[in-house]
Engineer: 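So that we are looking at the same thing, I have put the structure below in structure tokens.
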Number of protein chains: 2
Amino acid sequence: MSEHPSPAPHSKVDDLANRLFFRLYQSANLMHKSGTKALEDMHITTQQWAVIGALARDGAEDGIAVGELTRFLMVSRQNLTGVLARLERDGLIERVVSPHDSRSRLIRLSSHGRHLWRTDMSDRISAFYEAALEGFSTTDKIHAIHYLDKLLDNMRQLDEGQGES
Amino acid sequence: MSEHPSPAPHSKVDDLANRLFFRLYQSANLMHKSGTKALEDMHITTQQWAVIGALARDGAEDGIAVGELTRFLMVSRQNLTGVLARLERDGLIERVVSPHDSRSRLIRLSSHGRHLWRTDMSDRISAFYEAALEGFSTTDKIHAIHYLDKLLDNMRQLDEGQGES
DNA sequence: GATTTTATGTCAAGTAGTTGTCATTTATTT
DNA sequence: AAATAAATGACAACTACTTGACATAAAATC
């Protein structure tokens, strides 16, 4: 029947899954490259953008603990330490001791960081989003978010299971 | 009318776009973390996985030029050099001079690399895909791929425009 | 044949990500 | 009060990603 008598593969890898994850890999690479380029004259990378964006959310005015940030951004504490050090060096964030728990240093935007986020960064980011999501309807965006959320949920479960060592 | 008389934002950033890119950021981080963990006993990272997967495709048996690989994987030549050096060090790939263009070194899987891909790696990757895409129907996968493709197209255009410096 | 373009390698500096380990401080629990 | 747990900082080692710059070799063009 088959035109290509392939030599009985072990467990044929799902081609659609393969494509999906490869597209995710490519998309993330390109997002970091072109996203960082969109903010390059401010010397802000996509990772710093993610941190500043997290700190600019409503409810984060008084600061967020490092541990909370690592969970939110899904990066390691040691990595975030480096990113935060550079942001502090550049005067965009500041560390304050938590009033409730003096082990915990809360990270919050400096006034300079908040100002930059609200003006120049917002403008560039809006332009970036508009260009990158050209042709996306509102429902397209919602559906895309939904798929990524589902993927995240699954991988989170997988990661917890893998952590049992 | 508005319950929250917000102080006239410069250009209100699209919240859906924001969520979408943040989910992409998180998904990529988690994919690298849990994907690398799925192959950790082979000491293969997701980037190496991507390279090996590219080399294992039909038509790549005779090797792929480095430049072609950088375009395919969307990473820089300098970065790929390092990844390829580690893969060569571990005996998974080999470099051969192109018969057509002796500037060009073609990268191809070693027999060890090909064997590993077809057996252990395939098994782990299939298991990873199955867990990470639990609850995804075939059409879900196709739609998700479609959105990522669209995003990639847009960002590629953006990147080319940004490159005009 | 000489020039230009192309493919690659290499070195450097910077950022970002991982794990692992050890120390410190403080909260919590006993 | 003492032991434990938790949050953080500070290292180290490694992988991976970027850009920029310079060198080399070979192909393509003039």
Side-chain angles (χ1 to χ4, degrees), chain A residues 25-26 28-51 63-71 73-90 95-107 159 162-163 165, chain B residues 25-41 43-51 63-71 73-90 95-107 159 162-163 165:
Chain A
Y25 170 82
Q26 290 180 309
N29 281 349
L30 241 191
M31 174 187 69
H32 286 303
K33 190 188 290 191
S34 58
T36 296
K37 207 173 280 179
L39 297 179
E40 73 178 333
D41 51 337
M42 281 168 264
H43 300 289
I44 287 177
T45 66
T46 45
Q47 287 80 5
Q48 297 177 354
W49 161 3
V51 172
I64 298 180
V66 175
E68 206 176 331
L69 262 182
T70 66
R71 282 187 293 276
L73 300 175
M74 295 186 181
V75 295
S76 68
R77 175 174 56 90
Q78 292 91 329
N79 172 41
L80 194 56
T81 296
V83 180
L84 293 177
R86 282 168 223 118
L87 285 171
E88 196 173 20
R89 179 197 65 193
D90 298 341
R95 290 174 153 88
V96 291
V97 176
S98 168
H100 309 297
D101 184 343
S102 47
R103 274 171 313 187
S104 173
R105 280 128 196 96
L106 299 182
I107 309 294
D159 194 52
Q162 288 172 333
S165 62
Chain B
Y25 170 82
Q26 290 180 310
S27 298
N29 280 350
L30 241 191
M31 175 186 69
H32 286 302
K33 191 189 290 192
S34 60
T36 296
K37 208 172 279 180
L39 296 180
E40 74 178 332
D41 51 336
H43 299 287
I44 287 176
T45 66
T46 45
Q47 286 81 6
Q48 298 176 353
W49 162 1
V51 171
I64 299 180
V66 175
E68 206 175 330
L69 262 183
T70 67
R71 282 185 294 275
L73 300 175
M74 297 187 179
V75 294
S76 69
R77 175 173 56 89
Q78 293 91 327
N79 172 41
L80 195 55
T81 297
V83 180
L84 293 176
R86 282 170 223 117
L87 285 171
E88 195 173 20
R89 178 198 65 192
D90 298 341
R95 289 175 153 88
V96 292
V97 176
S98 168
H100 309 297
D101 183 345
S102 48
R103 274 170 312 184
S104 175
R105 280 128 195 98
L106 300 182
I107 310 294
D159 195 51
Q162 288 170 334
S165 61

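Below, chain A is the first sequence line, B the second, and so on; all start at residue 1.
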Engineer: Tell me whether the OP1 or OP2 atom of D:dA16 has a side-chain N or O from B:Asn79 closer than 4.0 Å.
Structural biologist: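 B:Asn79 to D:dA16 OP1/OP2: no side-chain N or O under 4.0 Å.
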Engineer: Could you work out, with side-chain hydrogen bond (donor to acceptor under 3.5 Å, both in side chains) as the rule, every residue matching B:Thr36, not counting sequence neighbours?
Structural biologist: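 Testing B:Thr36 for side-chain hydrogen bond (donor to acceptor under 3.5 Å, both in side chains), a comparison that skips the adjacent residues, returns none.
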Engineer: Taking CD1 from B:Ile44 and P from D:dC14, how many angstroms apart are they, rounded to a whole number?
Structural biologist: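 From B:Ile44 CD1 to D:dC14 P: 19 Å.
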Engineer: Could you tell me the separation between the CG atom of A:Leu106 and the P atom of D:dG9, rounded to a whole number of Å?
Structural biologist: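 Spelled out: CG on A:Leu106 to P on D:dG9 is 11 Å.
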Engineer: Atom NE2 of A:His32 to atom P of D:dT19: distance rounded to whole Å?
Structural biologist: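 Taking NE2 of A:His32 and P of D:dT19, I get 13 Å after rounding.
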Engineer: Under 4.0 Å: is that the gap between some side-chain N or O of B:Arg86 and OP1 or OP2 of D:dA16?
Structural biologist: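 Answer is yes, contact under 4.0 Å.
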Engineer: B:Gly67 near the nucleic acid: base, sugar-phosphate alone, or nothing, with a heavy-atom cut-off under 4.0 Å?
Structural biologist: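 If one applies the 4.0 Å heavy-atom cut-off, B:Gly67 turns out to touch the sugar-phosphate alone, with no base involved.
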Engineer: How many whole angstroms separate atom CE of A:Met31 from atom P of D:dA16?
Structural biologist: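 Nearest whole value for this atom pair: 19 Å.
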Engineer: side-chain contact (heavy atoms from CB on, under 4.5 Å) with A:Gln48: which residues, sequence neighbours excluded?
Structural biologist: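 A:Ile44, A:Thr45, A:Val83, A:Arg86, A:Leu87.
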Engineer: Can you tell me if A:Ser76 touches the phosphate of C:dT18, counting only side-chain N or O atoms and a distance under 4.0 Å to OP1 or OP2?
Structural biologist: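 Checking A:Ser76 against C:dT18: at least one side-chain N or O falls below 4.0 Å of OP1 or OP2.
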Engineer: Report the residues that fulfil salt bridge (charged side-chain N to carboxylate O under 4.0 Å, His left out) with B:Glu68, sequence neighbours left out, ordered by chain and then residue number.
Structural biologist: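 Checked B:Glu68 against salt bridge (charged side-chain N to carboxylate O under 4.0 Å, His left out); zero matches.
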Engineer: Residues two or more places apart in sequence or in another chain: which of them pass salt bridge (charged side-chain N to carboxylate O under 4.0 Å, His left out) with B:Arg77?
Structural biologist: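 Scan of B:Arg77 (salt bridge (charged side-chain N to carboxylate O under 4.0 Å, His left out), adjacent residues dropped) gives none.
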Engineer: From CZ of A:Arg95 over to C1' of D:dG9, roughly how many Å is that when rounded to an integer?
Structural biologist: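 Atom-to-atom, A:Arg95 to D:dG9, this comes out as 9 Å.
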Engineer: Between A:His43 (NE2) and D:dT19 (C1'), how many Å, whole number?
Structural biologist: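 About 13 Å, once rounded to whole Å.
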Engineer: Where the side chain of A:Lys37 is defined as all heavy atoms beyond and including C-beta, which of C:dT18, C:dA16, D:dT19 is the nearest nucleotide?
Structural biologist: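 Output: D:dT19.
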Engineer: Among D:dA16, C:dT8, C:dT19, find the nucleotide with the atom closest to the side chain of B:Lys33.
Structural biologist: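 Comparing D:dA16, C:dT8, C:dT19 against the side chain of B:Lys33, the answer is C:dT19.
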Engineer: Would you kindly check whether a donor in the side chain of A:Gln78 faces an acceptor in the base of C:dG20, or vice versa, at under 3.5 angstrom?
Structural biologist: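 It does, because a donor-acceptor pair links the side chain of A:Gln78 to the base of C:dG20 below 3.5 Å.
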Engineer: Taking B:Leu73's backbone N and O only, do any of them form a donor-acceptor pair with A:Asn29's side chain (distance below 3.5 Å, no angle check)?
Structural biologist: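 Yes, A:Asn29 side chain to B:Leu73 backbone: donor-acceptor pair under 3.5 Å.
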Engineer: If you assign each of B:Leu80 and A:Thr81 to its closest nucleotide in DNA chain D, which residue comes earlier from the 5' end?
Structural biologist: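 So the residue in question is A:Thr81.
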Engineer: Which nucleotide, D:dA16, C:dT19, D:dC17, lies nearest any side-chain atom of B:Val75?
Structural biologist: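 The answer is D:dC17.
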Engineer: Using whole Å, report how far CD1 of B:Ile107 lies from P of C:dA7.
Structural biologist: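 Between P of C:dA7 and CD1 of B:Ile107: 15 Å.
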Engineer: Base, sugar-phosphate alone, or nothing: which one does A:Gln48 contact when heavy atoms must sit under 4.0 Å apart?
Structural biologist: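 Here A:Gln48 touches the backbone only, sparing every base.
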Engineer: Using the 3.5 Å cut-off, write out each protein N or O paired with an N or O of nucleotides 22-26 of chain D and the distance between them.
Structural biologist:
from, atom 1, to, atom 2, distance (Å)
D:dA26, O3', B:Ser102, OG, 3.4

Engineer: Sequence neighbours excluded, which residues qualify as salt bridge (charged side-chain N to carboxylate O under 4.0 Å, His left out) partners of A:Arg95?
Structural biologist: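 Salt bridge (charged side-chain N to carboxylate O under 4.0 Å, His left out) list for A:Arg95, sorted by chain: A:Glu88.
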Engineer: With a cut-off of less than 4.0 Å, is there a side-chain N or O of A:Arg89 near OP1 or OP2 of C:dT15?
Structural biologist: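 Indeed, a polar side-chain atom of A:Arg89 lies that close.
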Engineer: Say you draw a straight line from OH of B:Tyr25 to NE2 of A:His32; how long is it, rounded to the nearest 0.5 Å?
Structural biologist: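 Rounded to the nearest 0.5 Å, the OH-NE2 separation comes out at 6.5 Å.
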Engineer: Between atom CG in A:Leu39 and atom C1' in C:dT15, what is the gap in whole Å?
Structural biologist: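 The distance from CG of A:Leu39 to C1' of C:dT15 comes to 15 Å, rounded to the nearest Å.
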Engineer: To the nearest 0.5 Å, what is the distance between OG1 (B:Thr70) and CD (B:Gln78)?
Structural biologist: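 These two atoms lie 9.5 Å from each other.
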Engineer: Check whether any side-chain nitrogen or oxygen of B:Tyr25 sits under 4.0 Å from OP1 or OP2 of C:dA16, and answer yes or no.
Structural biologist: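 Looking at the OP1 and OP2 atoms of C:dA16, neither is under 4.0 Å from any side-chain N or O of B:Tyr25.
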Engineer: Is the distance from OP1 or OP2 of D:dT15 to the nearest side-chain N or O of B:Gln47 less than 4.0 Å?
Structural biologist: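 The answer is no; no side-chain N or O of B:Gln47 sits under 4.0 Å from OP1 or OP2.
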